[in-house]
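The structure under discussion appears below in the form of structure tokens.
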Amino acid sequence: MKIIAYAVREDEKAAFAQWQGENPDIEVKLVSTELTVASLEEARGFDAIVAFQTGEYPADLFDRMQAMGIKDLSVRNVGVDNLNLASAKQNGITITNVPAYSPNAVAEFAVSQVLKLLRNAKVYDRKISQHDFRWAPNVAGEINGKTVGVLGTGRIGQVMIKIMQGFGAKIVAYDPFPNPDLAKQGIYLDSPDDVLKQADIVSLHVPATKDNFHLINQDTIAEMRDGAIIVNVSRGALIDTPALVTAVKNGKLAGAVLDTYENEASFFNHDLRGQTLSDPLLTEMLSMDEILLTPHIAFYTDIAVGNMVRVSLDSAKDVLTTGTAPTVVVG
Ligand code: COI
């Protein structure tokens, strides 16, 4: 049995080596490049592909895999919005993901960024570096007593709720499939709009689908509380970014925590030191004290990285040996 893994980073190699040690009968080849039409040639003769990328996969990936006799694609992350699932099905390719590598990694990061935003971290970092040790005028806000709106109460949303409740926030939430335990707490509202109307801090924890493209836009922002904060550690496509930036600039919103951006693929996790960014909106957001923008790092913890490697390889092995896996998305 032969598995090829794409886009393998240095920080993942120890986890790959450990799994290889536990599965000596399986050949695992590591490749550092992403999965492209050209690099797919390296998979010839392999039975399964393990991949990781935030940008689009090749449009005809599954036709090519089928032609090459490769039966499985196991992604080392949770989101599958950059894959053509219908084409995988048509070609009889199984897709698996890693649905819960560490909900805490993502939720803890989101909360830490909210605290930084409320505490004017960018402003104080700058002031302190200039030896300006004065307090005024940057009075901070607190989470305690605020209403936090959570859209999507899956694994990450649930941890977010728990942490925010620990800080003393009131929670309001929406999910088309309410969690029975959370429902007992009476936190669910009837619609996403109801959540937007009531929350001081709105946090998005939903996968990107064609139905929720630009869920946060000029119209939905208008419904939000004045001075509210938006948190997006999920997918960039959920937010119409120019509308968000305008709302922060004109004071409708107090700020935003963004660990993802709809145009992130050619910037995030790239070394662009010394270069002028070819995206004026990204440059503008980086310059704003009210927007905390990070390059999709909420997931990036030791626990999560280890789980992503182990579960994706386990899934590929399961699919090849039994025809299915607990993490099947298509198949
Ligand atoms: C995911 O697991 O889907 C993430 O958002 C992490 C990412 C860097 C691919």
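Side chains are part of it too, since the values below use all heavy atoms of this structure and drop only hydrogens, waters and symmetry mates. Remember, it's 1-based here, ligands and their atoms both numbered in the order they're listed. Because the structure is predicted, anything quoted here is derived from the model rather than measured.
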Problem set entry | Within 45° cone and under 6.0 Å: Arg76 NZ/CZ vs Tyr101 ring | no
Problem set entry | Basic-acidic side-chain contact under 4.0 Å: Lys71, Asp47 | no
For this session: Report the relative orientation of the aromatic rings in His296 and Phe299; use parallel for angles under 30°, tilted for 30 to 60°, perpendicular for over 60°.
Result: perpendicular
Problem set entry | Closest contact, heavy atoms only, Val28 versus Phe16 | CG1-CD2, 4.4 Å
Exercise. With hydrogens left out, which residues have an atom under 4.0 Å from ligand 1, given that only heavy atoms count?
Worked result: Phe52, Thr54, Asn77, Val78, Gly79, Tyr101, Arg235, His296, Phe299
For this session: State which residue, out of Arg126, Lys116, Lys127, Lys122, fulfils the salt bridge (Lys or Arg N to Asp or Glu O under 4.0 Å) condition with Asp289.
Result: Arg126
Exercise. Is the closest basic N to carboxylate O distance between Glu284 and Lys249 below 4.0 Å?
Worked result: yes
